[in-house]
2 protein chains.
Amino acid sequence: MGRWEPEARERLMVAALDLFGEQGYENTGVAQIAERAGLTKSTFFRHFRDKREVLFGGQDELVSLIAAGIEGTPASAGALKAVERALVAIGVTFTDSRRANGPRRLAVIAANAELRERDALKMAGFSGVIKDGLLLRGVPEIEAAVVAELGVLALRIAYGRWLEAGGDFADVARPALEEVAAAAAALEGAE
Amino acid sequence: MGRWEPEARERLMVAALDLFGEQGYENTGVAQIAERAGLTKSTFFRHFRDKREVLFGGQDELVSLIAAGIEGTPASAGALKAVERALVAIGVTFTDSRRANGPRRLAVIAANAELRERDALKMAGFSGVIKDGLLLRGVPEIEAAVVAELGVLALRIAYGRWLEAGGDFADVARPALEEVAAAAAALEGAE
DNA sequence: ACGGTTGATGAGACCAAGTCCCATCACTCT
DNA sequence: AGAGTGATGGGACTTGGTCTCATCAACCGT
């Protein structure tokens with residue numbers, strides 16, 4: 001059965017999310033996920049490097065979009081503007097179907113330390129691309145690191161709001177970044 | 001042999017770092033680490049929840065110190081000042097022996113995705129305690145998140161400099177936080 | 001000195017994640 | 001039809017991680 005059925009990857013992701021939600025991430029075996037998708041363990045690991053990645057697919061695409069968004073920003077613009085363009089750029093991947101699964105996905109990740117690890121690394125990856133992109137534009141080291149962290153924070157905030165409210169991701173990303181930047185600029189000195 | 005020898009945990013950490021450096025993290029088995037320490041696999045997992053944690057011990061202590069550092073800051077002080085106190089507070093754990101192993105440890109972590117994941121989660125954990133501590137002080141949500149991220153960034157920067165230069169951790173942590181805060185305050189708007 | 005208790009360890013069975021290798025089947029092209 | 005291609009099935013194998021039970025040294029009270 002199921003052999004050569006299209007979208008094996010999609011089927012695996014759906015099956016995994018369903019099972020994780022029903023019985024928890026740790027109580028769900030890879031073989032079980034594959035079975036529900038009409039496939040086998042071998043095929044699962046052909047599509048995903050490990051069990052976690054079935055929940056974190058598409059990161060490479062986001063990284064590319066972020067890098068492109070920064071690189072495509074006029075050299076005259078500031079670092080924050082470049083990050084804003086990056087956040088807007090990734091909006092194209094935030095589709096309705098992703099939004100539908102978002103809350104379940106977040107709940108599963110929040111309930112498991114192994115998945116939180118992967119999520120943290122994913123965010124660190126975003127931060128890294130942003131920082132590297134800014135360094136290429138000549139932004140000083142510390143400023144690049146600061147803006148990268150603030151950008152990722154804005155991304156997380158915007159993602160949460162987008163899951164709740166829907167609509168165009170850019171419409172939540174821009175205000176989120178502005179709020180974060182405003183909070184940063186308003187800080188009093190530490191001495 | 002080696003039964004009841006003191007500091008089994010220490011011996012395991014040293015053996016692990018040695019073996020990871022010699023032959024890589026992935027080519028080193030838990031049984032091998034335990035053997036070099038004169039112990040067994042069972043005992044290894046009694047001291048560390050998993051293979052990675054042998055490189056990340058002491059996080060709980062840091063988290064406690066951070067929380068205490070923030071809580072012990074006068075309510076009149078700003079968020080940045082509380083974070084500064086937290087960074088100074090963790091300085092007591094940065095001993096000479098830790099500094100001696102630091103570079104090797106960083107190299108091993110950098111070379112392995114699994115370990116980078118754990119490291120990223122560790123940093124996210126720090127960020128979380130800081131943020132929670134600031135929220136308890138009445139700092140607004142966004143500002144707390146911003147300052148927490150900046151604090152962790154300063155922590156990473158300070159740790160790198162401390163590994164190079166040595167001395168009192170507080171003497172590198174304070175300037176690092178000031179630089180980060182200054183870079184954040186100097187940002188131009190995103191519009 | 002003796003026996004019981006405690007606490008860390010040893011030993012081994014066991015499960016699941018992840019790797020490898022090879023056979024198989026559907027589809028395509030010539 | 002026959003060969004090639006690419007995704008899949010299947011099973012052996014390694015290793016991280018869990019669990020249970022036995023063991024042994026130190027301590028403690030009588």
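By convention in this document, chain letters (A, B, ...) are assigned in the order of the sequence lines, proteins followed by strands, and residues within each chain are numbered from 1.
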Summarise protein proximity over nucleotides 12-22 of chain D in one line of letters, 5' to 3': B for base, S for sugar-phosphate only, - for none, counting protein heavy atoms closer than 4.0 Å. ----SBB----
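The salt bridge (Lys or Arg N to Asp or Glu O under 4.0 Å) contacts involving residues 25-44 of chain B comprise B:Glu22-B:Arg36, where partners must be two or more places apart or lie in separate chains. Counting only residues at least two apart or in different chains, salt bridge (Lys or Arg N to Asp or Glu O under 4.0 Å) contacts with residues 118-134 of chain B comprise A:Glu117-B:Arg118, B:Asp50-B:Arg118, B:Lys131-B:Glu141. Among residues at least two apart or in separate chains, salt bridge (Lys or Arg N to Asp or Glu O under 4.0 Å) pairs with a member in residues 99-113 of chain B are B:Asp18-B:Arg104. A salt bridge (Lys or Arg N to Asp or Glu O under 4.0 Å) check over residues 149-166 of chain A, counting only residues at least two apart or in different chains, returns the pairs A:Glu149-B:Arg156, A:Arg156-B:Glu149, A:Arg161-A:Glu179.
Distance A:Ile33 CD1 to C:dA16 P: 13 Å, rounded to the nearest Å. Atom P of nucleotide D:dA7 and atom CZ of A:Arg9 are separated by 13 Å, given to the nearest angstrom.
Checked against side chain to side chain contact (heavy atoms under 4.5 Å, CB included), B:Ala89 has no partners two or more places apart in sequence or in another chain.
Between B:Thr43 and the phosphate of C:dA8, there is no side-chain N or O to OP1/OP2 separation shorter than 4.0 Å. At the phosphate of C:dT9, OP1 or OP2 sits under 4.0 Å from a side-chain N or O atom of B:His47.
Candidate nucleotides C:dT9, D:dG9, D:dT8 were compared by shortest atom distance to the side chain of A:Ala8, and D:dT8 ranks first.
Looking at A:Leu17, A:Val14, A:Thr28 one by one, the single match for side chain to side chain contact (heavy atoms under 4.5 Å, CB included) with A:Ile33 turns out to be A:Thr28.
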